[in-house]
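As structure tokens, the structure follows; a few thoughts come after it.
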Amino acid sequence: MRQKNNPAFKAIAKALKKGRKFFVAGHQNPDGDSLGSTLAVCSFLRRMGKEVYPFSSDRPGEDLFFMPGIDTVNFSVLPDEFDFDTMILLECSDKNRGGNLEPLFNTVKTVINIDHHITGENYGTVNYINAQASSTAEIITEFFEYVKADITPEEATCLYTGLVTDTGRFLHSNTGAESLRVGAVLLAHGADIQKVNTVIYNTKPYKELKLLGRALEKLNLLNGGTFAEITLTSRDFELLGVDPRHTQGIVSQPIMIPSVEVSVLLREEPGRIAVNLRSKGRIDVSKIAVLFGGGGHARAAGFKVEGAKLEEIKTRLTASVIKEISKLQ
């Protein structure tokens with residue numbers, strides 16, 4: 001809804017006005033919402049005359065490099081000096097989701113935490129967590145409206161990217177009336193929706209299609225067909241010349257199978273195991289992710305475990321998922 005009297009927005013606006021030098025970051029392995037929100041906020045801050053350091057601990061897939069301002073992001077490169085007075089973390093449900101940023105937490109005066117995950121923690125100096133929002137991009141658009149900002153076409157394109165990727169083109173259950181209203185606002189401000197839809201949804205490199213094919217070949221149906229599991233090892237990525245960034249959307253494919261309640265994708269990454277979970281709606285997969293130190297939403301969640309063995313995580317995860325599914329019977 002339109003935010004006419006929002007204490008958190010008021011506090012954020014005050015912090016932005018007071019701050020001089022900003023460090024802005026989204027979560028690790030950035031998606032369209034995390035990165036799009038980061039770019040829009042950084043653009044807005046520059047228009048306010050602020051110094052800005054956009055950061056992402058990882059590079060995204062090539063499909064997100066069309067967004068305006070992407071060339072200003074410092075991927076995996078932290079500054080030489082931590083002389084920022086304000087840090088903004090976007091879509092980071094806990095303070096570690098942005099990467100190894102502890103030095104900044106120890107030096108900045110103000111931490112602004114904006115998130116839409118139900119598992120989000122209030123680790124900031126100023127916190128705004130709205131689990132009813134479809135995306136962080138939706139929240140940022142509402143904030144821009146709150147401060148009566150004239151959203152530029154470039155900012156609108158970045159925010160629209162975040163909105164449509166987190167709602168699955170307004171198909172996911174997190175889509176609400178406010179999501180559609182915000183989409184209309186961004187379109188009215190010049191969002192290039194044709195570019196967004198063409199690049200993200202109608203373009204896929206050959207290697208990514210091959211990876212999708214390999215993933216579907218490795219799809220296993222467990223627990224009477226209610227649980228779908230896909231495991232991609234480091235060897236899979238090596239054979240196809242791809243990396244874990246190219247797995248976007250794969251975990252959602254098995255949800256189309258009528259009997260499947262939960263779908264999981266396990267990825268073997270250097271030094272860690274990464275897991276994505278999706279639910280058809282009756283299982284809250286964020287509760288499962290929390291058991292492994294992760295979080296997310298009822299229908300979409302994930303976690304990463306450093307230094308873990310793939311088979312160990314798979315065994316524990318399988319038991320946890322089947323336990324939740326058994327509660328439905």
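- Counting heavy-atom neighbours within 6.0 Å of Glu81 CD, excluding the residue itself, gives a total of 12 or less.
- Leu328 and Val321 fall within a single hydrophobic cluster, where Ile, Leu, Val, Met, Phe, Trp and Tyr are joined by side-chain heavy atoms under 4.5 Å apart, directly or via other members.
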(message) Does Tyr146 form a side chain to side chain contact (heavy atoms under 4.5 Å, CB included) with Ile12? I'd like the steps, not just the answer.
(response) CA-CA 11 Å; Tyr146 174 84; Ile12 292 170; over 6 Å; no
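- Legend: salt bridge (Lys or Arg N to Asp or Glu O under 4.0 Å) pairs involving residues 215-228, not counting sequence neighbours, sorted by first then second residue: Lys218-Asp236.
- The two atoms that bring Pro68 and Thr157 nearest to each other are CD-CG2, 4.1 Å, heavy atoms only.
- Looking at Ser57 and Ser76, their side chains never come closer than 4.5 Å, going by heavy atoms from C-beta outward.
- Using a 4.5 Å heavy-atom threshold, the side chains of Ile200 and Phe66 count as touching.
- The main-chain N or O of Arg20 is found under 3.5 Å from a side-chain atom of Asp85 such that the two form a donor-acceptor pair.
- Between Val147 and Phe44 the shortest side-chain heavy-atom distance falls below 4.5 Å.
- Look at Glu269 and Arg267 and you find a salt bridge, because one of the NZ, NE, NH1 or NH2 atoms lies within 4.0 Å of a carboxylate O, short of that distance.
- Through direct or relayed side-chain contacts under 4.5 Å between Ile, Leu, Val, Met, Phe, Trp and Tyr, Leu209 connects to no other residue.
- A donor-acceptor pair under 3.5 Å is formed between the side chain of Asp33 and the backbone N or O of Thr136.
- A side-chain contact (heavy atoms from CB on, under 4.5 Å) with Leu163 holds for exactly one of Thr175, Val182, Leu180; it is Val182.
- Considering every non-hydrogen atom in both Cys42 and Val24, the closest pair reads SG-CB, 3.7 Å.
- By the 4.5 Å heavy-atom criterion applied to side chains, Glu312 and Arg316 are counted as neighbours.
- The backbone N or O of Ile283 sits less than 3.5 Å from a side-chain atom of Ser279, completing a donor-acceptor pair.
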(request) Would you sort out whether His172 and Asn174 count as a side-chain hydrogen bond (donor to acceptor under 3.5 Å, both in side chains), showing the intermediate values? (result) CA-CA 5 Å; His172 295 340; Asn174 61 341; 5.5 Å; no
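- A search for side-chain contact (heavy atoms from CB on, under 4.5 Å) contacts involving Ala133 returns His116, Asn130, Glu138, Ile139, not counting sequence neighbours.
- Residues passing the side chain to side chain donor-acceptor pair (under 3.5 Å) test with Lys207, sequence neighbours excluded: none.
- Shown here are the salt bridge (charged side-chain N to carboxylate O under 4.0 Å, His left out) partners of Asp83, two or more places apart in sequence or in another chain: Lys21.
- Under the 3.5 Å distance criterion, the side-chain polar atoms of Ser326 are matched with a main-chain donor or acceptor of Lys323.
- Using a 30° and 60° split on the angle between ring planes, Phe143 and Phe9 fall in the perpendicular class, above 60°.
- Judged purely by atom type and a 3.5 angstrom limit, Thr86 has no side-chain atom pairing as donor or acceptor with the backbone of Gly19.
- With a 4.5 Å cut-off on side-chain heavy atoms, Leu45 and Met48 count as touching.
- When the side chains of ILVMFWY residues are joined at heavy-atom separations under 4.5 Å, either directly or via intervening members, Ile88 and Ile129 end up in two distinct hydrophobic clusters.
- Judged by distance alone, the side chain of Lys50 and the main-chain N or O of Lys17 form a donor-acceptor pair under 3.5 Å.
- Looking at Lys314, Glu311, Glu268 one by one, the single match for side chain to side chain donor-acceptor pair (under 3.5 Å) with Thr231 turns out to be Lys314.
- A search for side chain to side chain donor-acceptor pair (under 3.5 Å) contacts involving Gln248 returns nothing, not counting sequence neighbours.
- Looking at every heavy atom in both residues, Ala289 comes nearest to Leu277 through CB-CD1, 4.3 Å.
- When hydrophobic residues (I, L, V, M, F, W, Y) are linked wherever their side-chain heavy atoms come within less than 4.5 Å, the members clustered with Leu240 are Leu211, Leu212, Leu216, Leu219, Leu221, Ile230, Leu232, Phe237, Val242, Ile250, Val251, Ile255, Ile257, Val260, Leu265.
- In this structure the side chain of Arg47 reaches within 4.5 angstrom of the side chain of Thr152, judged on heavy atoms.
- Under a 4.5 Å side-chain heavy-atom criterion applied to ILVMFWY residues, the cluster that includes Phe82 comprises Phe23, Tyr53, Phe55, Val77, Leu78, Phe84, Met87, Leu89, Leu101, Leu104, Phe105, Val108, Val111, Tyr123 as well.
- Residues Thr125 and Ile112 form no side-chain contact, since every pair of their non-hydrogen atoms from C-beta on lies 4.5 Å or further apart.
- Cluster annotation: Leu266 and Phe292 are assigned to the same hydrophobic cluster (Ile/Leu/Val/Met/Phe/Trp/Tyr, side-chain heavy-atom contacts under 4.5 Å, transitive).
- Salt bridge absent: Glu261 and Lys280 never bring a charged side-chain N and a carboxylate O closer than 4.0 Å.
- In this structure, Glu324 does not pair ionically with Lys287, as no charged nitrogen and carboxylate oxygen lie closer than 4.0 Å.
- Using modelled atom types and a 3.5 Å distance limit, the side chains of Asp58 and Gln28 yield no donor-acceptor pair.
- The side chain to side chain donor-acceptor pair (under 3.5 Å) test applied to Asn127 returns Asn113, not counting sequence neighbours.
- Counting only N and O atoms by type, the side chains of Ser43 and Glu155 include a donor and acceptor under 3.5 Å apart.
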Counting only pairs under 3.5 Å, give me each side-chain donor-acceptor contact of residues 185-197, with atom names and distances, residues two or more places apart or in other chains.
unit_1 : atom_1 : unit_2 : atom_2 : d
His189 : ND1    : Val185 : O      : 2.9
Asp192 : OD1    : Lys195 : N      : 3.1
Asn197 : ND2    : Ile193 : O      : 3.2

(request) Output, in order, the C-alpha distance, side-chain angles, deciding distance and verdict of side chain to side chain contact (heavy atoms under 4.5 Å, CB included) for Phe303 and Leu291. (result) CA-CA 9 Å; Phe303 63 87; Leu291 297 176; over 6 Å; no
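- Screening residues 95-111 for side chain to side chain donor-acceptor pair (under 3.5 Å), with sequence neighbours left out, gives no hits.
- Between Val262 and Arg278 the shortest side-chain heavy-atom distance does not fall below 4.5 Å.
- The minimum heavy-atom distance linking Val126 with Ala11 is given by the pair CG1-CB, 3.9 Å.
- Considering every non-hydrogen atom in both Leu35 and Pro30, the closest pair reads CB-CB, 4.3 Å.
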(request) Walk me through it: do Asp166 and Ser134 pass the test side chain to side chain contact (heavy atoms under 4.5 Å, CB included)? (result) CA-CA 7 Å; Asp166 258 30; Ser134 68; 5.8 Å; no
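- A single hydrophobic cluster is not seen to contain both Val290 and Val305; linkage of ILVMFWY side chains at heavy-atom distances under 4.5 Å, directly or through other members, places them apart.
- Other residues, nucleotides and ligands place more than 12 heavy atoms under 6.0 Å from the CD1 atom of Ile151.
- The two residues Gly162 and Ser135 have their closest heavy-atom pair at O-CB, 4.0 Å.
- Judged purely by atom type and a 3.5 angstrom limit, Ser259 has no side-chain atom pairing as donor or acceptor with the backbone of Thr226.
- Residues satisfying the salt bridge (charged side-chain N to carboxylate O under 4.0 Å, His left out) criterion with Glu306, sequence neighbours excluded, are Arg272.
- Under 3.5 Å, the side chains of Asp31 and Ser34 contain no donor-acceptor pair of N or O atoms.
- Between Arg181 and Glu145 a salt bridge is recorded (basic side-chain N to carboxylate O distance below 4.0 Å).
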